Amino acid sequence: MVEPDPWGSFRDEAIAWTCEALHAAYGIAEEIDHLVEEPDAELADFAFPCHAFASQAQAAPADIAENLEDALPPTDEMTVRAEGPYLNFDVEPEALVTTTLDSVRERSAGYGELPERGSSVLVEHTSANPTGPLHVGRARNPLLADSIVRLLRAAGHHVVAEYYVNDMGRQAATLVWGAKNVDLRGDAYELDPDEAEAFSFDLLAQPRDAASKRVLDPGPDEAGKLDRLLVQYYQAANRALELHDQGRALPDRDPEDEIADLIQAFEADDEETATEFRQIVTWAMKGIRSSLEDANVHHDNVVFESELVLDGSVERVLADLRELDACQTEDGAEYLDMEQLGVDTDKPQMFITRGDGTTLYGTRDVAYHLDKLERADELVDVLGEDHKLHATEIQAALSALGIEVPLDVVFYNFVSLPEGSMSTRSGRVVYLDDLLEESRTRALAEVRERRGEELSEARMEEIADLVGPAALRFNVVSVQSEKPIEFSWEKALNFEGSTAPFVQYSHARTCGILEKAGLDPGQAPAGDLTALMHDSEIQLVRRLAQLPSLVRECADDRKVHPVTAYAVETAQDLNKFYRDCPVLEAGSPELREARLALVDATRQVLANALALLGIDAPESM
RNA sequence: GCGCCCGUGGCCAAGUCCGGAUAUGGCACCGGCCUCCUAAGCCGGUGAGCGCGGGUUCAAAUCCCGCCGGGCGCGCCA
């Protein structure tokens, strides 16, 4: 049985020894896990700063370090030395190399994965309103969350990724209203001259003309990617609402009322209305899911909020919420008094029904969380930071119902444009599709320039398909999720430095070496590894050893940016090794074999790290 | 106005949760490296003391307080 987590096992050992020595020398018995550091590689693998115990031990930190060193038995796994106030540990190269490379070889694609934890986690993510294509601002959600899902799976959880479709709210209703009432051909409507330019849509008294029919009953080839068409109806509907408010359009109608009527009819399960919503939402979702597939993001399950309303779940939750003392009424609408629930928020009232009796997003989301809870042990929601208040509200509502939900919410900041945040409604957006397409095109140009003479056109296109979307994904996900990102085409399409293409390229190099050695990936012989002694070799192995620990940390903290850093660092270490240590022309057959094993292991680790990011590793590029 | 998040070389990020050894990468810039396993690469160099001001501590980019700048929120929207 190989060690699944080489670095973690050495670290645990260093901690255990330090504890023992601390106890033996000073009678101190304390948890010191958090004190043990991993400083720069030249300094030590693990370090224990002794300052913390100076007063307890009644000794200078440097003396403590000396005493601890003396108290520790020598082993062939790790060396220990006192250096000033630090007790430094170095894993013996031989132990490091054999433990690590054996583990990688044995576990191959599973290297990095941790033992089953037996708990199930339901990760809800993306859940963008089905009103149009995914834009880059929101796309941070699926890109981030899909990697969190992969990390949790690697960490041994059973994970379900779910998309919650808000098909019954005002946004969806606005789109439906638009699809039924707006003609996008845009000629005859009378407006101020400057308005006409901004709003070139024709609002029709008659629903379902040619254009809206196209939405409600599209031809076979339009059904695939209808989100881009639909969003125009959504934008037009919003524009109509705005103009109507200003008294400049639809003087004898009230779009707002008509939208409210749609919601009421849907909640009352009016068949025709339900069909319209379902159809339009399904088309929008088809477009969104196809974009997600292009970005290699997967959901295991899609839940429509209307299901929860129509099957009575929301009604049952509502009944329970009404029982609460905190539930009060204002103008016929019901709300929960947050202060009474002991929650200090910006909004003291959490409305759970409208005056017309229809429910609100928050109410339905409470029901949805209860539903999720029946299907998993732990919940993770990935939400934009604009949902922070909403998240506290539903958690407050849930705990008011006496349900402690093991819910972890991961917030992210939006990707914005230099001129401000992206907005579907206004059309100030960069769509994910366009960016993916652009990235692919750019990648193809790059491959052609570099390898145009050697590779076939088909192969170059394959590579571009792997590299373009990967560059984008890597880029978005390499920044800590709570930091804002300002979008720039230049950065998004950069293929040098800390990027996916650099990591992929390094992976391709390992494959190139193996190929020249006549070996298939994963087939390097398990020879005598003790020949690996060069600093660059050891540093590379050290890096490989760390993947499982990284997975544990990232999965537990639900963060993915350290994985991108790790992938880049591994590639950098590989490139240094590549520079310093000839493989095919190594000095001896033993060394050559050992280096081939290291190359093969690195190939595997790079591929595994990229897999956590939803990125495929090409064998050549 | 109130609440939450962010503020690190010219630019972009890591490090901040759990305070410790000369602050780590990338882009850009300057200078080198393709008779040698793919130059989407490698080596060297210039450049920050971590928004500002206090405080705690043997020790602060990391903790506390105040301020400034940016984002988000404060809907019978989602």
Side-chain angles (χ1 to χ4, degrees), chain A residues 33-35 37 39-40 43-44 47 49-52 54-55 61 83-86 88 127-129 131 166 169-172 174 260 305 330-335 344-349 351-356 358-362 364-365 384-390 392 411 413-414 416 420-421 443 446-447 449-451 454 467 471 478-480 482-486 488 490-491 494-506 508-517 557 561-562 564-565 568-569 571-572 574-576 578-586 595 599 620-621:
Chain A
D33 291 35
H34 61 286
L35 292 175
E37 305 171 358
D40 293 343
L43 289 167
C50 299
H51 318 79
S55 65
E83 267 173 24
Y86 296 91
N88 285 340
S127 301
N129 286 331
T131 52
N166 303 124
R170 184 171 308 281
Q171 266 81 336
T174 303
E305 64 172 351
E330 186 179 278
D331 300 331
E334 296 158 292
Y335 68 91
D344 185 25
T345 70
D346 303 331
K347 203 178 70 171
Q349 297 169 309
F351 279 90
I352 55 175
T353 59
R354 296 191 177 94
D356 66 5
T358 55
T359 55
L360 288 145
Y361 167 60
R364 302 187 292 256
D365 211 10
E385 66 159 355
D386 56 338
H387 277 58
K388 279 186 175 173
L389 176 57
H390 172 256
T392 43
F411 293 106
N413 243 279
F414 292 106
S416 62
S421 51
E446 292 284 329
V447 207
E449 192 186 313
R450 296 167 204 274
R451 308 289 308 276
E454 304 158 70
V467 168
S478 61
V479 179
Q480 207 182 321
E482 55 268 35
K483 296 219 181 188
I485 298 181
E486 190 173 286
S488 89
E490 191 195 332
K491 272 192 65 190
N494 176 36
F495 295 163
E496 287 172 10
S498 301
T499 63
F502 168 51
V503 180
Q504 291 175 309
Y505 173 73
S506 302
R509 274 183 151 180
T510 62
C511 293
I513 295 173
L514 294 173
E515 195 190 341
K516 292 212 168 162
D557 295 350
H561 68 276
T564 62
V568 167
E569 286 159 358
Q572 285 171 337
L574 169 73
N575 282 311
K576 281 169 192 160
Y578 185 91
R579 176 198 70 209
D580 294 336
C581 306
V583 178
L584 300 175
E585 304 297 325
R595 284 181 175 165
V599 168
S620 70
M621 65 183 277

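Chain identifiers are assigned alphabetically (A, B, ...) following the order of the sequence lines, protein sequences preceding nucleic acid strands; residue numbering begins at 1 within each chain. As the structure is a computational prediction, the values presented were derived from the model and not from experiment.
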Check: When you check the glycosidic angle of B:rG49, does it come out syn, meaning within 90° of 0, or anti?
Finding: syn

Next item on the list: Measure from the side-chain heavy atoms of A:His51 and tell me the nearest of B:rC58, B:rC37, B:rG41.
Entry: B:rC58

Next item on the list: Measure the distance from NZ on A:Lys491 to C1' on B:rG26 and round it to the nearest whole Å.
Entry: 10 Å

Check: Considering only heavy atoms from C-beta outward, does the side chain of A:Leu574 approach that of A:Thr510 to under 4.5 Å?
Finding: yes

Notebook entry, point to check: Using the C1' atom in both, what is the distance from B:rA60 to B:rG3, to the nearest Å?
Noted result: 27 Å

Next item on the list: With heavy atoms under 4.0 Å as the rule, sort A:Phe411 into base, sugar-phosphate or nothing.
Entry: nothing

Next item on the list: In whole angstrom, give me the gap between the C1' atoms of B:rA21 and B:rA59.
Entry: 11 Å

Checklist line | Interatomic distance where CZ belongs to A:Arg509 and C1' belongs to B:rA40 [whole Å] | finding: 9 Å

Next item on the list: Looking at every strand, decide which applies to A:Tyr86 at a 4.0 Å heavy-atom threshold: base, sugar-phosphate, or nothing.
Entry: base

Next item on the list: Give the rounded distance in Å between these two atoms: CG of A:Leu514 and P of B:rU38.
Entry: 11 Å

Item checked: Nearest-nucleotide 5' precedence on RNA chain B, A:Lys483 against A:Ala52 -> A:Lys483

Check: Are any non-hydrogen side-chain atoms of A:Asn166 and A:Gln171 less than 4.5 angstrom apart?
Finding: no

Next item on the list: Please list, chain by chain and in numerical order, all residues satisfying side-chain hydrogen bond (donor to acceptor under 3.5 Å, both in side chains) with A:Arg170, sequence neighbours excluded.
Entry: none

Next item on the list: Pick the C1' atom in B:rC50 and in B:rA14, then give their distance to the nearest Å.
Entry: 12 Å

Margin query: Are A:Val568 and A:Val503 packed together at the side-chain level, in the sense that at least one heavy-atom pair is separated by less than 4.5 angstrom?
Written below: yes

Check: How does each nucleotide of nucleotides 69-78 of chain B score, in 5' to 3' order, for protein heavy atoms under 4.0 Å: base (B), sugar-phosphate only (S), or none (-)?
Finding: --BSBSSBBB

Margin query: What is the distance, to the nearest angstrom, from the CD atom on A:Gln504 to the C1' atom on B:rG41?
Written below: 15 Å

Checklist line | N/O (side chain, A:Gln480) to phosphate O (OP1/OP2, B:rC5) under 4.0 Å | finding: no

Checklist line | Gap in Å between the two C1' atoms, one belonging to B:rU24 and one to B:rG70, rounded | finding: 25 Å

Note to self: Base, sugar-phosphate or nothing for A:Ala571? Non-hydrogen atoms, less than 4.0 Å.
What the structure shows: nothing

Item checked: Spacing of the P atoms in B:rC52 and B:rU8 (rounded, Å) -> 10 Å

Notebook entry, point to check: Got a sec, which residues hit salt bridge (Lys or Arg N to Asp or Glu O under 4.0 Å) with A:Glu385, two or more places apart in sequence or on another chain?
Noted result: none

Notebook entry, point to check: Counting any heavy atom closer than 4.0 Å, what does A:Ala508 reach on the DNA or RNA strands: base, sugar-phosphate only, or nothing?
Noted result: base

Checklist line | Minimum side-chain heavy-atom gap A:Ile513-A:Tyr578 below 4.5 Å | finding: yes

Margin query: Among B:rC37, B:rA39, B:rC42, which nucleotide has an atom closest to any side-chain atom of A:Tyr505?
Written below: B:rA39

Check: For RNA chain B, what is the dot-bracket line, given that a base pair needs Watson-Crick (N1 to N3, plus N6-O4 or O6-N4) or G-U wobble (N1-O2 and O6-N3) geometry with both distances under 3.5 Å, and | means paired with another strand?
Finding: (((((((..((((......[...)))).(((((.......))))).....(((((..]....))))))))))))....

Next item on the list: State whether the distance check finds a donor on one side and an acceptor on the other, under 3.5 Å, for side chain A:Asn88 versus base B:rA21.
Entry: yes

Check: If we only count heavy atoms from C-beta on, is the A:Pro582 to A:Arg595 side-chain gap below 4.5 Å?
Finding: yes

Checklist line | Side chain of A:Ala47 (C-beta onward), nearest among B:rA28, B:rC42, B:rA21 | finding: B:rA21

Next item on the list: Provide the distance between the two C1' atoms, one in B:rC64 and one in B:rU56, to the nearest whole Å.
Entry: 7 Å

Checklist line | Minimum-distance pair of heavy atoms, taken over all atoms of A:Gly355 and A:Ala333 | finding: N-CB, 3.7 Å

Next item on the list: Taking the side chain as every heavy atom from C-beta outward, state whether A:Arg354 and A:Leu360 have any atom pair closer than 4.5 Å.
Entry: yes

Margin query: Classify A:Asp580 by what it touches in the nucleic acid, base, sugar-phosphate, or nothing, heavy-atom distance under 4.0 Å.
Written below: nothing

Next item on the list: Scan A:Lys516 against the nucleic acid and name what it touches under 4.0 Å (heavy atoms): base, sugar-phosphate only, or nothing.
Entry: sugar-phosphate

Note to self: Nearest whole Å is fine: how far is B:rG32 P from A:Arg579 CZ?
What the structure shows: 19 Å

Check: Touch check for A:Ala54, heavy atoms < 4.0 angstrom, all strands: base, sugar-phosphate only, or nothing?
Finding: nothing

Note to self: With syn defined as a glycosidic angle within 90° of 0 and anti as the rest, where does B:rC34 land?
What the structure shows: syn

Check: Roughly, in whole Å, what's the span from CG in A:Leu35 to P in B:rC18?
Finding: 12 Å

Next item on the list: Taking only the side-chain heavy atoms of A:Gln572 (C-beta and beyond), determine which of B:rU38, B:rG25, B:rA21 contains the nearest atom.
Entry: B:rG25

Checklist line | Under the side-chain hydrogen bond (donor to acceptor under 3.5 Å, both in side chains) test, residues paired with A:Gln480 that sit two or more places apart | finding: A:Glu482

Next item on the list: Specify the separation, in whole Å, of atom CD1 of A:Ile485 and atom C1' of B:rG7.
Entry: 15 Å

Note to self: Which is more 5' along RNA chain B, the nucleotide nearest A:Val503 or the one nearest A:Tyr578? Just name the residue.
What the structure shows: A:Tyr578

Notebook entry, point to check: For A:Leu43 and B:rA23, what is the distance between atoms CG and C1' respectively, to the nearest whole Å?
Noted result: 13 Å

Check: When you measure from the side chain of A:Ser498, which nucleotide among B:rG25, B:rC37, B:rA21 comes out closest?
Finding: B:rG25

Item checked: A:His561 ring over B:rA14 six-membered base ring, under 5.5 Å and 30° -> no

Margin query: Need one value for A:Cys511: base, sugar-phosphate or nothing, where a base atom within 4.0 Å counts as base even if backbone is also close, heavy atoms only.
Written below: nothing

Next item on the list: Could you work out the separation of B:rC74 and B:rG51 based on their C1' atoms and round it to a whole Å?
Entry: 26 Å

Check: Using atom C1' of each nucleotide, how far apart are B:rG15 and B:rU22 to the nearest Å?
Finding: 16 Å

Next item on the list: Would you indicate whether the side-chain heavy atoms of A:Thr131 and A:Thr174 approach each other to under 4.5 Å?
Entry: no

Note to self: Holding to side-chain hydrogen bond (donor to acceptor under 3.5 Å, both in side chains), I want the full list of residues that pass it with A:Arg451, two or more places apart in sequence or in another chain.
What the structure shows: A:Glu454

Margin query: Less than 3.5 Å apart, any donor N or O on the side chain of A:Arg509 or A:Asn575 sitting next to an acceptor on the other?
Written below: yes

